[in-house]
Every structure is written in C-alpha cells, then in structure tokens.
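Worksheet for the structure shown next.
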Amino acid sequence: GLSISFLLILLLNSLALGAAVPQQQGVILVGKIGTQQYGLLKDGRNGQQEFDSNMGYSVSGEVLTRISETLDLGGGFEYQFLRDFKERVDNLRLGTTPIYALVRYNIPYADNMDLFVGGQVGYSFLRIDGQVKENYEALGGLYLGVSGGVVYEKMTLVELAFGYTNGKLREKVTKAELKQSYATVTLSLGMNCTF
C-alpha cells in the first residue's frame, strides 16, 4: 500500500527531474538477461535457517535519463524465474520481481568503453511454489541493490549486481507473518539504446 505508493512517487520524481535537466544524450533504454550463480534464503519458518539456491535466470529492463555527463537516474524491474534450493524444504521454489528507482554513475575509461556503478531501492514481489504454497502466501518487501559493470561502444553492457529482498510468508490459517530474506548475485549481459 503506502510503501508501493512512495516508491512509485520516487520513481516518477526521478524521471521528472531527469526530464527537467538539459539532456546530454536523451533517454536510455536497457534490456538485460542474467544468471544468478548465488542465492541465499534466510527462512523464517525454520528459525532463519539459511538455504542455498540452485542457479537461476532473470530478465530485466530499465529506463534511464542522463542528467549530467556522468550521472543517470531512472527506474527498472527484474523478473527472476522460480528457483529450486539445494536442500529441498517443502519442495520450495522461489522467485522475486523487484521494481526500483535507480541511480547510475558513469566513469569514462576509454574512447569505446565506460565503467559504471549503481544503486537501486524499491519494492520486491515475492513468489513461491511447491508444497509450501498450501499453507503460506508470499508477501513482498523492501528491495536494495548495488551494481557495477562496463558499457562497450555505448551499447553492449556487462553487469555484476547484488540484490537483497526483505519479504514475508503469511500463514493462511493463523495469519502469522514470518520474515524471509533473499540475497542474490546476478551476472547480466544487456543492450543500451539511446534516444
């Protein structure tokens, strides 16, 4: 409710700020495909016991506005496909969909290559599947992320990102809420399109 409204207002203000500043290169659209080699779930149903996930995949998109030679503001989303865990608890499969505001700082490195670092803050929707779905429903929560990478020829992007989702599972009968935190490391390949 309130947190989603706040994040949408933050995202719209970021885009409006970028639109109000004279543009260096216009609007940048970014599309990425990624793989999560690392995922760690702290499961509130088991006293915050930690479970490693198997490799997962994601697709994401971002809209950025260049507000200076080195600074971009915008928003984006990432859809992480459901993943299994190495220890199969209730045959749990988990996925997240963060929607976030972001800032990206660009560092000119060579004529045809720029480095960048970025940060994201937003709301992440938590999705579950398996036996656990019979007794629980998934609730989203705060999403935080940091990233870094390289853009080659102002078009091809390689990014390494760390994301953290703070969600909950709610018991269907008692309505008790159990904290679920989920951290991922994602390696992505993408394309920048500047308008």
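It should be emphasised that the depicted structure is a prediction, and the values quoted were computed from it without experimental measurement.
Looking at every heavy atom in both residues, Y136 comes nearest to I128 through O-CD1, 3.8 Å. Shortest non-hydrogen contact noted between S188 and T186 is OG-CG2, 3.5 Å. Across all their heavy atoms, S124 and T96 have their closest contact at OG-CB, 3.5 Å. Shown here for F116 and V150, the closest heavy-atom pair between the two residues is CE2-N, 3.5 Å. Shortest non-hydrogen contact noted between E134 and K172 is O-CD, 3.7 Å.
Put simply, CG on D52 and CG on L40 are 5.5 Å apart, with the number rounded to the nearest 0.5 Å. Note that CG of L187 is 10.0 Å distant from CD1 of I33, once rounded to the nearest 0.5 Å. The structure places CG of L139 at 8.0 Å from CG of L126, a figure rounded to the nearest 0.5 Å. Remark: I28 CD1 to T194 OG1 distance equals 4.5 Å, nearest 0.5 Å. Taking CZ of F77 as the reference point, atom OH of Y79 lies at 11.0 Å (rounded to 0.5 Å). Remark: L82 CG to S53 OG distance equals 11.5 Å, nearest 0.5 Å.
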Run the side-chain contact (heavy atoms from CB on, under 4.5 Å) test on N106 and R66 for me, step by step, so that the C-alpha distance in whole Å, both residues' side-chain angles and the decisive distance to 0.1 Å come before the verdict.
CA-CA 10 Å; N106 302 291; R66 175 108 344 141; 3.2 Å; yes
Should L142 and Y123 be marked as a side-chain contact (heavy atoms from CB on, under 4.5 Å) after you check the CA-CA gap, both sets of side-chain angles, and the distance that decides it?
CA-CA 5 Å; L142 177 67; Y123 184 87; over 6 Å; no
Test L71 against V103 for side-chain contact (heavy atoms from CB on, under 4.5 Å), laying out the working first.
CA-CA 7 Å; L71 192 63; V103 60; 3.5 Å; yes
Could you walk me through whether T156 and V151 pass side-chain contact (heavy atoms from CB on, under 4.5 Å), step by step?
CA-CA 6 Å; T156 304; V151 177; over 6 Å; no
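In the displayed structure, M113 atom CE is contacted under 6.0 Å by more than 12 heavy atoms of other residues, nucleotides or ligands.
Listed by chain and number, the residues in a ring-ring contact (aromatic ring centres under 6.0 Å, His included) with Y57 amount to none (sequence neighbours excluded). With sequence neighbours left out, S58 forms a side chain to side chain donor-acceptor pair (under 3.5 Å) with Q36, E78. Looking at residues two or more places apart in sequence or on another chain, you find a salt bridge (Lys or Arg N to Asp or Glu O under 4.0 Å) between D129 and R93.
The ring pair (Phe, Tyr, Trp, His ring centres under 6.0 Å) pairs that include a residue from residues 140-192 are Y100-Y143, where partners are two or more places apart or lie in different chains. The salt bridge (charged side-chain N to carboxylate O under 4.0 Å, His left out) analysis of residues 181-192, with sequence neighbours excluded, yields no pairs. For residues 156-168, the pairs satisfying salt bridge (charged side-chain N to carboxylate O under 4.0 Å, His left out) are K32-E159, K168-E177, with sequence neighbours left out.
Judged by distance alone, with hydrogens and angles left aside, the side-chain atoms of R83 form no donor-acceptor pair with the main-chain N or O of L94 at under 3.5 Å. Distance alone, capped at 3.5 Å, places no donor-acceptor pair between the T165 side chain and the G167 backbone. In this structure, the side chain of K154 does not engage the main chain of D114 through any donor-acceptor pair within 3.5 Å. Side-chain atoms of T174 come within 3.5 Å of backbone atoms of A176 as a donor-acceptor pair (strictly under, hydrogens ignored).
Contact annotation: the side chain of R104 approaches that of L64 to within less than 4.5 Å [non-hydrogen atoms, C-beta and beyond]. Residues V185 and Q37 have side chains not in contact (no heavy-atom distance under 4.5 Å, counting atoms from C-beta outward). In this structure the side chain of Q120 never reaches within 4.5 angstrom of the side chain of P98, judged on heavy atoms. Inter-residue side-chain proximity for L73 and T65 is flagged as unmet; no heavy-atom pair is nearer than 4.5 Å. Looking at L189 and L157, their side chains never come closer than 4.5 Å, going by heavy atoms from C-beta outward. Put simply, the side chain of F125 reaches to within 4.5 Å of the side chain of I99, judged on heavy atoms. Using a 4.5 Å heavy-atom threshold, the side chains of V173 and N135 count as separate.
Side chain to side chain, T97 and Q80 fail the donor-acceptor criterion of an N or O pair below 3.5 Å.
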